[in-house]
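Working notes, structure below.
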Number of protein chains: 2
Amino acid sequence: MILCSNRQWQHLCVVILLSFSAVKCEVIDNEIHKLAYIDDECELPDKLRKEIHSYQPIVNKIADEVLNGRFAGDTYNTLSEFIDTFGPRYSGTKSLENAIDFMNEKLKEVGLENVHTENATIPNWQRGFESAQLVQPHPQNLPMLGIGPSPATPAGGIVADVVVVESFDELNSLSDDAVRGKIVVFVPVWVSYEVTVEYRVFGASRAARKGAAAALIRSIAPFSIGSPHAGWQLYEDDVVQIPAACITVEDAEMLKRIYRRGVPITIRLEMNAKSFEPFVSRNTVGELQGHTYPVDKKVVVLCGHLDSWDVGVGAMDDGGGAFISWKAVEYLKKLNLRPARTIRAILWTGEEPAVAGAGEYQRGHAATEKEEFNFFIESDIGTFEPLGLDFAGNSDAECVIKEILKLMTPLNATSFATPMQGGPDIDLWTSRGFPGASLLNKNDKYFWFHHTYGDSMLIENSEYLDKAAALFAASAYIIADLSIDMPRDLQ
Amino acid sequence: MILCSNRQWQHLCVVILLSFSAVKCEVIDNEIHKLAYIDDECELPDKLRKEIHSYQPIVNKIADEVLNGRFAGDTYNTLSEFIDTFGPRYSGTKSLENAIDFMNEKLKEVGLENVHTENATIPNWQRGFESAQLVQPHPQNLPMLGIGPSPATPAGGIVADVVVVESFDELNSLSDDAVRGKIVVFVPVWVSYEVTVEYRVFGASRAARKGAAAALIRSIAPFSIGSPHAGWQLYEDDVVQIPAACITVEDAEMLKRIYRRGVPITIRLEMNAKSFEPFVSRNTVGELQGHTYPVDKKVVVLCGHLDSWDVGVGAMDDGGGAFISWKAVEYLKKLNLRPARTIRAILWTGEEPAVAGAGEYQRGHAATEKEEFNFFIESDIGTFEPLGLDFAGNSDAECVIKEILKLMTPLNATSFATPMQGGPDIDLWTSRGFPGASLLNKNDKYFWFHHTYGDSMLIENSEYLDKAAALFAASAYIIADLSIDMPRDLQ
């Protein structure tokens, strides 16, 4: 386990697993995570295989109506108007609550059932004015974004000498005297989000342990056009909380070059960030209730999050994901495709600050979760061209999902991958053995835009949203309608 | 002529041609501007052809020494240290003058001859604090960069309703009453820099004619990660100078969508920009003096500009271009390759504000220019992978350049293109019949980074800089050493 392999941090990983699964405490091995086109290694009972294949006409109908029929373009258009109306939907803002009110009405309007909200208390960290400038060796503005829940600097900002490190090992190799009172700039080599994000999450705490005055982190991104990336971090319990922000990839690499030449660096940092009392927001829920089983049992969840960062408008993270989730349910309803089990769309609040909305939902439903949930599907890693599903669960469930994906040829989305990446909200369940899946999509540029001012409708594509909504509708319908519950090994 | 086709603006185009050639008043027809791999349509005299081909061993020697020998990696390393030492080199700043002082010493240190500076008075516009926010239909920060030489807004900023237009035609179709007191947002479709930049250059003036309070322009770029682009504009003589800035591609497109839906838009804009007295800066000159002709006659110029915008560090625009220019001269000197005519490296100051540095140089040398200059070579459109040369001049000169390019196979840079794009400084001469060329390179992403915080050393590539420096050295040497002067038809 990457973040959890170090004994020192294992206690934190428990916290992360429960409330902060945006940072995944799993073995994320890119060598393992390969797209596997469907093969026949699974030996499903013939009856079940036939049953699954009997849904092909329904998949075809969904695909046809969503891609070419009355729903074509609808997801994009609805998303665009939503994004343009509410803009950034940042935790603690009126815009987010307005957006939740709107969605609550919208889900009722389009015919979803049992539409309601469930309260969730989420962090309320506001960045306020913030800026950074290189002072020595030359004056230069350094675009930056404070990372939540960083405290403010002292009024008027701080001016401090800089220590640049590429890794925690390098930081640890320095004496406390070499770091005390300095600004530590972390410039890790980009490996992948899952690997490199540990510098954003733990950088400030590690620097604080050595007495640093502040931490600046190379934005967690493989490519940049001078774009700082926001994000959330974790202060360990026993350290001084020092100000922390992400700077651009370009400036971080520049500082590293300068530092390696032995040239002294001084930076001025000013942040007026503040953590207010946690805010009571709401998760938004709407259903297509099952015709056979109790409506609150064996539920198939489709979900994404409504909240966004305060920079960008969250069209990619996670407007697209949230919208394909509830649009899939709307389309099934309008196509009169009511399955045996309930399909529940959940639009999370407060995902960005430590998966807070889903965390409270999970705790609130913990007593009933074994009976309540059958399968979880999430989209929070882009709605680029859909490829298939990214699975989490046991080998029996894996075989069922693989068989279902064979039906998705009309969507050109038959790919299967595992272990699941990019399901930060449902990871609260899948990490404990509940089966689930995340939208597998051509998201190789996802982290170019993630948590930046570039997260906009220009990333979204109408055809891809249609395909993703159809894939979610068809997959959820089959899983919710099958004669078997999804196999699982609960921990 | 694109900018000059409208009679109303022809008087301005004279100004532009003389002092603002970053905006090219030529037919820039992408259909014409094609890479033409060398063919044999030119019928050069056999003797001249043989003479040109006699330089192949010299080209090979240059290529070998610069790509694989003692100079390999030197241009990148020297540029990186320069960029990291001085940072943004914006007109009117101490950083630019420090950089010029440094280069003056550096050119002497590496052995260039007649190293000196020539004064040039350049605009001194400083942006100060600036910000823009969407007020209605939802609150949102709008990253922006004021465009020079915009005036400030009234103290405390302005709050105004918005009119969005996609074109000057659309603006002109509106009544003055519909525009008066409003902020006009220009959201032109991106065609190419040369075409679309007219909205940045003339947008504020056109909006002011209709009584607008300010103009915001979609950044002149084909792709963005929430990155506003700076730039220069031209206030027409007879209009009120209103505040003007570029906003991001993402936000401009959002505003267009909202406006097209008929939803009212309000924006708050605050700019504290100020134009100070013009600043006396310096062009930096160094030579490898010719062994046959008078050292101040028939000069072959290699050039780029040292100044940059105040955002980004100008590694691409135009650190790379400036450095391959003087490095080419240094390498020739160190290889004892002294040609018949003088090769002169010129590192322009104040290119970004209206080509001011080269403009003053041109005027200062106007009396002698016919005898003084034989050929101009510039790099100011990127130093990505070199392809060859982008030519301006008559058909005889074209045939000579095509023949010279045949020798550049060791650099894999034998491509010829015309008409020349991306030679804003030398356009002061080539637009009047002097022959010249610009570095042809794989710069399809140039305008992703142009005038943004993303203009950094991460764009530059050591191997490409070596190839470009070698191409400049070899081309300049042959042109400066040939038995013939470069053919030309002066206007």
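Sequence lines set the chain letters: A, B, ... in the order given, protein chains first and strands last, and positions in each chain run from 1.
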Okay, T93(A) and chain B: the region with an atom under 4.5 Å from a heavy atom over there is neither
Please flag which part of S95(A) lies under 4.5 Å from any non-hydrogen atom of chain B: side chain, backbone, both or neither. side chain
Contact class of E253(A) relative to chain B, heavy atoms under 4.5 angstrom: side chain
Checked S224(B), S227(B), G312(B) vs chain A; the most non-hydrogen pairs under 4.5 Å come from S227(B)
Heavy-atom distances under 4.5 Å only: say whether I459(A) touches chain B with side chain, backbone, both or neither. neither
Give, as side chain, backbone, both or neither, the part of E81(A) having an atom under 4.5 angstrom from any heavy atom of chain B. both
Would you call E97(A) and K94(A) a salt bridge, using N to O less than 4.0 angstrom? no
Angle between ring planes, H450(A) versus Y193(A), binned at 30° and 60°: parallel, tilted or perpendicular? perpendicular
Parallel, tilted or perpendicular: ring planes of H451(B) versus W309(B), cut at 30 and 60 degrees: tilted
So for V263(A), is it side chain, backbone, both, or neither that comes closer than 4.5 Å to the heavy atoms of chain B? neither
Side chain D466(A), main chain G73(A), donor-acceptor under 3.5 Å: yes
Is T248(A) in contact with chain B via its backbone, its side chain, both, or neither, using a 4.5 Å heavy-atom distance? neither
Centres of the F102(A) and F86(A) rings: under 6.0 Å? yes
Give the ring-plane orientation class for W448(B) versus W448(A), where under 30° counts as parallel, over 60° as perpendicular and anything between as tilted. perpendicular
Any salt bridge linking R282(B) with D101(B)? Criterion: basic side-chain nitrogen under 4.0 Å from a carboxylate oxygen. yes
L458(A) portion near chain B, given a 4.5 angstrom heavy-atom threshold: side chain
